[in-house]
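To keep things clear, I will list the structure first and then write my remarks on it.
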Amino acid sequence: MIQRVFVIICLFRLNQAALPLVINTWNFENAANAAWSALQKGGSVLDAVERGCAQCELEQCDGSVGFGGSPDERGETTLDAMIMNGDTMEVGAVADLRRVKNAVGVARAVMEHTEHTFIVGESATIFAENMGFMSEDLSTNKSIAIFSQWLQQNCQPNYRKNVFPDPSKSCGPYKPKAKLWKPKNPKGNFDPSSHDTIGMIAIGKNGQVAAATSTNGATHKIPGRVGDSPVAGAGAYADSTAGGAAATGDGDIMMRFLPSFLAVDLMRNGAQPTVACKTAISRIKKYYPNFFGAIICANTTGGYGAACNKRPGFSQFPFMVVNPQTNQSQLQKVDCF
């Protein structure tokens, strides 16, 4: 049985090299163990990241992954996921997936059974059902309670702006304002305590790279909203000539900068993982200094690192690592900057 070891390591020390390697966002230990177990049993790196993310979907990690969490404005939970093969650069992704729990499995089916990359909405659900995935209600008593409380609080917080009635005081339906305005102190809808998204990277003993993500998105999101998680280069990226990266945080902001692609491209050009991660976060900080976000990076020799943006209430970022040096899942933390 894989044992648990808790280790806090400063940013500059996150460069231990050993393969194979599993690394994932947040303290999702069982996900790391599931991915590592898949590798130890002879599975591919794709098997590992799929299995790891699927474990979080089953466990509803922090309420931000899988069914029964993050209800949208209609009270419905929908799922986003992606998987990427760094050997072939193939990607499979789904977004706004409804009534199917195993989102990362459906994403892999998109990659392996279609010529497409991304399928969304009700059509993604129909595709999943045709591929043999079970259709079932994704709501739980908890998600229904979250939605009910939100309605009782006049739909606060929400993601609307430049509409009437005033979205800071009232529920919809909303209509656009004729004159756009920008508040002096924009409200922050994204709650860092939600621990959104699992992003996972696996690197095989010969340097093969795969990455995957899974999430139920932002709580109280506008129906149809898609964040960074299922977008290749934003939520995650894998390239077996360089390495992999996965991001977590305010997806509506982070997806505008493709931080995972940037980090992998920096490693391709010789940057160490910690430097690549920090540079990717710095690019976003330049425009959104108070955004919530973090990224993990790993190269094809087993080096790894992480970086996060410091903001009130969020000064460290935890992530999980498993490699042959210890054969144990390690909780590591990086100080935000």
Side-chain angles (χ1 to χ4, degrees), residues 1-6 22-41 43 45-72 76-83 94-95 97-109 128 133-147 191-202 210-219 227 229-230 235-236 246-249 251 294 296 317-322 328-333:
M1 179 180 294
I2 297 177
Q3 299 176 347
R4 181 171 56 186
V5 176
F6 297 97
V22 169
I23 178 171
N24 62 258
T25 56
W26 303 110
N27 58 340
F28 301 148
E29 180 185 5
N30 290 341
N33 292 348
W36 186 253
S37 178
L39 288 178
Q40 296 299 96
K41 292 177 180 177
V45 287
L46 281 171
D47 296 331
V49 294
E50 180 188 6
R51 185 69 191 86
C53 289
Q55 186 66 33
C56 252
E57 292 172 347
L58 287 172
E59 295 182 4
Q60 304 164 280
C61 286
D62 279 343
S64 64
V65 181
F67 67 101
S70 299
D72 64 17
E76 184 176 16
T77 294
T78 59
L79 308 179
D80 302 341
M82 64 87 70
I83 191 167
V94 290
L97 178 68
R98 306 169 66 187
R99 304 188 304 282
V100 177
K101 290 182 177 180
N102 183 204
V104 72
V106 180
R108 187 167 182 179
F133 291 86
M134 182 184 300
S135 181
E136 52 192 318
D137 189 1
L138 301 187
S139 297
T140 62
N141 290 338
K142 181 178 179 180
S143 67
I144 293 170
I146 292 171
F147 177 61
D191 180 6
S193 66
S194 66
H195 286 198
D196 70 317
T197 312
I198 180 170
M200 177 172 279
I201 307 160
T213 67
S214 184
T215 186
N216 53 35
T219 306
S229 297
T248 181
I296 55 174
F317 171 61
F319 60 100
M320 300 301 303
V321 177
V322 193
Q328 298 172 330
S329 56
Q330 297 180 333
L331 174 65
Q332 303 195 0
K333 296 183 181 180

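We're numbering straight along the sequence, starting at 1.
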Worked check of salt bridge (Lys or Arg N to Asp or Glu O under 4.0 Å) between Lys101 and Glu57: CA-CA 7 Å; Lys101 290 182 177 180; Glu57 292 172 347; over 6 Å; no
Spacing of Ile23 atom CD1 and Ile296 atom CD1 [to the nearest 0.5 Å]: 4.5 Å
Distance-only side-chain donor-acceptor flag, Thr197 / Thr248, under 3.5 Å: no
Backbone N/O of Ala81 and side chain of Thr213: donor-acceptor pair under 3.5 Å: no
Verdict with supporting geometry, Leu46 and Arg108, side-chain contact (heavy atoms from CB on, under 4.5 Å): CA-CA 9 Å; Leu46 281 171; Arg108 187 167 182 179; 3.9 Å; yes
side-chain contact (heavy atoms from CB on, under 4.5 Å) evaluation trace for Asn216 with Phe67: CA-CA 7 Å; Asn216 53 35; Phe67 67 101; over 6 Å; no
Distance (rounded to the nearest 0.5 Å) between Gln55 CD and Ser214 OG: 12.0 Å
Heavy-atom pair of closest approach, residues Ser329 and Met320: CB-CE, 3.9 Å
Beyond-backbone contact of Gln330 with Val322, side-chain heavy atoms, under 4.5 angstrom: no
Of Asp80, Leu79, Ile198, the residue whose pairing with Thr215 passes side-chain contact (heavy atoms from CB on, under 4.5 Å): Asp80
Considering all heavy atoms, the nearest Arg51-Ala38 contact: CB-CB, 4.4 Å
Smallest separation among heavy atoms of Val49 and Ala210, with atom names: CG1-O, 3.7 Å
Steps toward side-chain contact (heavy atoms from CB on, under 4.5 Å) verdict (Leu331, Phe319): CA-CA 6 Å; Leu331 174 65; Phe319 60 100; over 6 Å; no
Heavy-atom closest contact (Ala95 atom, Pro230 atom, distance): CB-CG, 4.2 Å
Distance, nearest 0.5 Å, that separates OG of Ser139 from CZ of Arg99: 11.0 Å
From Leu58 atom CG to Cys53 atom SG, the distance as rounded to the nearest 0.5 Å: 11.5 Å
Contact check, side chains of Asn102 and Phe133, non-hydrogen atoms, under 4.5 Å: yes
Separation between CG of Leu138 and CD of Glu76, rounded to the nearest 0.5 Å: 7.5 Å
For Ser70 against Gly217, the heavy-atom pair lying closest together: OG-O, 3.1 Å
Donor-acceptor contact present, side-chain Ser135 to main-chain Val100, <3.5 Å: no
Gap separating the CD atom of Gln40 from the CG atom of Asn33, nearest 0.5 angstrom: 11.0 Å
Verdict with supporting geometry, Leu39 and Val45, side-chain contact (heavy atoms from CB on, under 4.5 Å): CA-CA 7 Å; Leu39 288 178; Val45 287; 4.2 Å; yes
Minimal non-hydrogen separation, Glu59 against Asn30, with atom names: OE2-ND2, 3.0 Å
